[in-house]
K.L.:
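I have a structure I would like to understand better, so I am pasting it below and will then ask my questions one at a time.
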Amino acid sequence: PRRGRPGCVRGKSHRPWPRSLAPPAMGAAASRPTNVAKEHEVVAFMNAAGLQAYADGMASSGFDDMETLLAIEDADIKALGFTPQHAALLKRKLREHQGASIDENHPVVAFLKEAGLAQYAEGLLQNGWDDMETLAMIDDEGMKELGFPRGHVLKLRRRLREFQERQGAGGAGGCWL
């Protein structure tokens, strides 16, 4: 009698995984040069972070550029199947990436750094608080949404008042706080 592969039922083909998880068929897509995918910025970022196993899933889910990846939310990370440890690593690497892209000479960044609140620079800039006039209009609720603890809310308010006073004393800027 003819013997089949282990786990095979006579007359049925054996699939070690569901059809939806089966590897792609050989053909044009499979013959695509692998260096094309590796050159992609998200793939390169994920490789550098040691999270290359998630790169294809992220690209196929629309996280195919760094701007989109930087906006990823916890629910997206969970839906992509990240382990808790890998999710924490991804978040840390994204924060590091964001920090590297902050222009230290930007007026808001310089102001926050001088005030001892530089850790909020990226979040403020990403949420539209990207010039001193606009930053002066931020309210307590806006700061709370960005994760400011109460003490830092008070500190930013005080520093903005001091900044306004310096601007007014120098005759520049006008009253905007």
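Just so it is clear, the values below take in all heavy atoms, side chains as well, and ignore hydrogens, waters and symmetry mates. This structure is a prediction, so every number in the text was calculated from the model and none was measured.
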K.L.:
List the atom pairs, with distances to 0.1 Å, where a side-chain N or O of residues 111-121 and a protein N or O form a donor-acceptor pair under 3.5 Å, not counting sequence neighbours.
P.N.:
from	atom 1	to	atom 2	distance (Å)
Lys113	NZ	Glu104	OE1	3.4
Tyr120	OH	His152	ND1	2.6

K.L.:
Would you please name every residue forming a side-chain contact (heavy atoms from CB on, under 4.5 Å) with Leu146, sequence neighbours left out?
P.N.:
Leu124, Asn127, Trp129, Ile138, Phe148
K.L.:
How many angstroms lie between CE in Met46 and CD in Gln52, if you round to the nearest 0.5 Å?
P.N.:
8.5 Å
K.L.:
Might you work through the side chain to side chain contact (heavy atoms under 4.5 Å, CB included) test for Gln167 and Phe163, ending with a clear yes or no?
P.N.:
CA-CA 6 Å; Gln167 292 295 89; Phe163 179 82; 3.6 Å; yes
K.L.:
For residues 68-77, run the donor-acceptor check on the side chains, cut-off 3.5 Å, and write out each pair with its distance to 0.1 Å, sequence neighbours left out.
P.N.:
from	atom 1	to	atom 2	distance (Å)
Thr68	OG1	Asp65	OD1	2.9
Thr68	OG1	Asp65	OD2	3.2
Asp74	OD1	Lys91	NZ	2.8
Asp76	OD2	Glu73	N	3.1

K.L.:
Report the distance from atom CE of Met66 to atom CZ of Phe45, rounding to the nearest 0.5 Å.
P.N.:
4.5 Å
K.L.:
Asp140: which residues meet the side-chain contact (heavy atoms from CB on, under 4.5 Å) condition with it, sequence neighbours left out?
P.N.:
Met143, Arg150, Val153, Arg157
K.L.:
Check residues 78-86 and write down every donor-acceptor pair under 3.5 Å in which the side-chain atom is one partner and the other belongs to a residue at least two apart or another chain.
P.N.:
from	atom 1	to	atom 2	distance (Å)
Thr83	OG1	His86	N	3.1
Thr83	OG1	His86	ND1	3.4
His86	ND1	Tyr54	OH	2.6

K.L.:
Taking 4.0 angstrom as the limit, do Glu162 and Arg158 come out as a salt bridge?
P.N.:
yes
K.L.:
Is the backbone of Asp130 close enough, under 3.5 Å, to the side chain of Thr134 for a donor and an acceptor to pair up by distance?
P.N.:
no
K.L.:
Which residues pass the salt bridge (Lys or Arg N to Asp or Glu O under 4.0 Å) test with Lys93, sequence neighbours left out?
P.N.:
Glu96
K.L.:
If you look at every heavy atom in Gly57 and Ser60, which pair is closest and at what distance?
P.N.:
O-OG, 3.1 Å
K.L.:
Using the side chain to side chain contact (heavy atoms under 4.5 Å, CB included) rule, take Leu156 and Leu160 through it: C-alpha gap first, then chi angles, then the decisive distance, then the call.
P.N.:
CA-CA 6 Å; Leu156 181 58; Leu160 285 168; 3.9 Å; yes
